[in-house]
Amino acid sequence: MLLCCRATASPPPSPPTPSHAADPHARLRAAAARSDLPGALTAFASMPSSPSAPAAARPVLRTFTALLKLCAARADLATGRAVHAQLAARGLASESLAATALANMYAKCRRPADARRVFDRMPARDRVAWNALVAGYARNGLHEAAMEMVVRMQEEDGERPDSVTLVSVLPACANARALGACRQVHAFALRVGLDELVNVSTAILDAYCKCGAIEAARAVFDWMPVKNSVSWNAMIDGYAQNGNATEALALFKRMVKEGVDVTDATILAALQACGELGYLDEARHVHELLLRIGLKSNVSVMNALITTYSKCKRTDLAAELFNDLGNKKTRISWNAMILGFSQNGCSEDAVRLFSRMQLENVKPDSFTLVSVIPAVAEISDPMQARWVHGYSIRHHLDQDVYVLTALIDMYSKCGRVTIARGLFDSARVRHVITWNAMIHGYGSHGFGKVAVELFEEMKGTGILPNETTFLSVLAACSHAGLVDEGRRYFVSMKEDYGLEPGMEHYGTMVDLLGRAGKLDEAWLFIKDMPIQPGISVYGAMLGACKLHKNVELAEESAQRIFELGPEEGVYHVLLANIYANASKWKDVARVRTTMEKKGLQKTPGWSIIQLKNEVHTFYSGSTNHQQAKEIYARLAKLIEEIKDVGYVPDTDSIHDVEDDVKAQLLNTHSEKLAIAYGLIRTAPGTTIQIKKNLRVCNDCHNATKLISLVTGREIIMRDIQRFHHFKDGKCSCGDYW
DNA sequence: CTAGGGTTAG
């Protein structure tokens, strides 16, 4: 046996480090090869600097450039500056080789201005020095400056760009989305034959992708006589980033088939494509592949896999990977998992994981909060909301625009629009998304006029509205019955801002016209749509037909919806209700039968109320609550009280049974149960907050108004579409929803 | 001793 592991064995011989023979220059070279900056500094320290010392022992230019390279690699600015001082003391700081290395060091330490200063002091600048500056600007996000340097090196010094110049400046062209510049570089490369080089062509291809010129990129890719992994990765990622995930995956498969080396970048690009398409099976294949080639220890790849499985709605698989990461987890891993839970409706899991992150002392960043805050918003517990807000402040992240916007949205969703407005007013920086969140907040709470006013104020600030802004504004107009304003904004969207309305905008417009009773106009609006109307558009029409009892147009709309094959039973239910309203019982039966045949089910309605730390869920007629008896008793009393102030049960949507049974059924709606329970459990005067999974029904809406009157309570009800604030016998929606 | 500058990914 050559090596023995027994404890009694003699220690292995130490590596040959003849300390006496220590030539500092050799030691520094060795340290540099190991990228060992401290070792290199020790070696440097043992070099004599006095001119009386033997010349061979004194540091030479090479010594300093080696140190600078190490500083650059580690972004160690302090040491880099010390080396700069040493060079300056010897009058070497402007020497071509040293200055170039210095410029490079500063650029990698994110100090492009210092790099420039060194460059400007050079008496003569060669191509390499120019290249260092181009690369320095490019990697620090100074795209225009990088491109300008390429022009100046030719004009001022007559230096012809070489391959390094091109691969340095191309990322700048790419990040500046400067397609024209990309084309110029490409043309230049063709002219001087630099396109033969794989790295040049790859950089061109990548820049084309980033500028959205995916066909041009593909043409370069297909032309390239020699490709490497980077070329393939850039092309695959180009497709993934440009929304063509299908082509990205196809190319990825070809790459594997042709035996090109798959790297971590390949995997990341392929996973991105799988996630975008929600292709679980493909994601699993990529997963298997990366296990085969041993990329499992790459945390970035595992993080991407967590994200991808989450996008495929498999948080279970994501969580498994997350747990397997053990102590290799980074903050990005936590963020990915929290976001995964948050976006898949697992709000409690998201918040729990966030708490665990605190317990394990992982510092959060703005991404963490932007992931967890929507989960808190979904849970809508004001206490938790206040806590996560305080947490954001403690970690100095509350003024991050994205965090702030998430907080505004969260407070709106917790029914606290005023607090949301306070945050909005205190914001030091506001993006479009910030305005959108606030406008949406007002709109969803029925403050349509305020939403519109805020939108007008936004236009005055010079911030350009986007598609989402208009969606919120149109929805606000719809909820507040601002028909003329809505029509004008819809036109303005395209004419003044060049924004193309999407399916949701059309749906909202139909909703706006339909709610206002302009059914014929809504129908014509659909007919005039330049895109094929989707289920959501006809769904809005159907809802309006229910509201205004128009059987004919309801049938037409439903017909189109059924042709489009809806996955939920809501539209059948809606149509059946419309027939029932018109006493067309045969038709009701027919719709019910088709619904059953298609295996579609009515979504059971539920309402929840949160008290202390418990969530109480009520279904229509449910009796399984611990305090069910009390609840029904309180409800019965409540119904008597509101009858005294004019409550008449709205039994329109119920049939087949006697009137008193109808009233009975209405009285056990989940909303009413939740409210009754809230009244029992909370002190007089407390606001009651309810969340309902469907639209609040007509009768419950009516009843709740009167409940707010007789009990003197404010009741905030969040349904699938919007918020209703009930107070003093009125609702913020003005009975218009 | 011929040094100093460079492509994908998050």
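Numbers restart at 1 for each chain; the letters A, B, ... are given by sequence-line order, proteins then strands.
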For the side chain of A:R177 and the backbone of A:K210, is there at least one donor-acceptor N/O pair under 3.5 Å apart?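 Present.
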Salt bridge present between A:R218 and A:E247 (N-O < 4.0 angstrom): yes
With a 4.0 Å cut-off, would you call A:D36 and A:R34 a salt bridge? yes
Would you confirm whether the ring centroid of A:W334 sits within less than 6.0 angstrom of the ring centroid of A:F322?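 Yes, the ring centres sit under 6.0 Å apart.
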Would you please indicate yes or no on a ring centroid separation below 6.0 angstrom for A:H143 and A:Y137?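 Between A:Y137 and A:H143, the centre distance exceeds or equals 6.0 Å.
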Value in whole Å for how far the [atom2] atom of [N] lies from [atom1] of [X]:
| X | N | atom1 | atom2 | value |
| --- | --- | --- | --- | --- |
| A:H186 | B:dT7 | NE2 | C1' | 15 Å |
| A:E95 | B:dT2 | CD | C1' | 12 Å |
| A:R62 | B:dA3 | CZ | P | 8 Å |
| A:R139 | B:dG10 | CZ | P | 17 Å |
| A:L92 | B:dA3 | CG | C1' | 14 Å |
| A:L166 | B:dT8 | CG | C1' | 17 Å |
| A:L70 | B:dG4 | CG | C1' | 14 Å |
| A:D162 | B:dG4 | CG | C1' | 13 Å |

Quick one: side-chain contact (heavy atoms from CB on, under 4.5 Å) partners of [X], sequence neighbours excluded?
| X | answer |
| --- | --- |
| A:K69 | none |
| A:A99 | A:V118, A:M122 |
| A:Y279 | A:L249, A:L277, A:E282 |
| A:R90 | A:S49, A:P59, A:F64, A:Q86, A:L92 |

So which of [range] are in contact with DNA chain B, with a heavy-atom cut-off of under 4.0 Å?
| range | value |
| --- | --- |
| residues 261-274 of chain A | A:A265, A:L268 |
| residues 217-242 of chain A | A:V230, A:N233, A:D237, A:Q241 |
| residues 200-207 of chain A | A:T202, A:D206 |
| residues 96-117 of chain A | A:S96, A:L97, A:T100, A:N104, A:K108 |

Contacts of A:D120 meeting salt bridge (charged side-chain N to carboxylate O under 4.0 Å, His left out) (sequence neighbours excluded), chain-then-number -> A:R116
What residues form a salt bridge (charged side-chain N to carboxylate O under 4.0 Å, His left out) with A:R160, not counting sequence neighbours? none
Nearest-0.5 Å distance, CG of residue A:L77 to SG of residue A:C109: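 So the CG of A:L77 and the SG of A:C109 are separated by 5.0 Å.
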According to the salt bridge (Lys or Arg N to Asp or Glu O under 4.0 Å) rule, which pairs have a member within residues 315-328 of chain A, sequence neighbours left out?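 Residue pairs with at least one partner in residues 315-328 of chain A: A:R314-A:D316.
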By the side-chain hydrogen bond (donor to acceptor under 3.5 Å, both in side chains) test, which pairs, at least two apart or in different chains, include something from residues 188-197 of chain A? none
Have a look at A:R125 and say if it touches a base, only the backbone sugar-phosphate, or nothing, with a 4.0 Å heavy-atom cut-off.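 No contact.
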With heavy atoms under 4.0 Å as the rule, sort A:N303 into base, sugar-phosphate or nothing. nothing
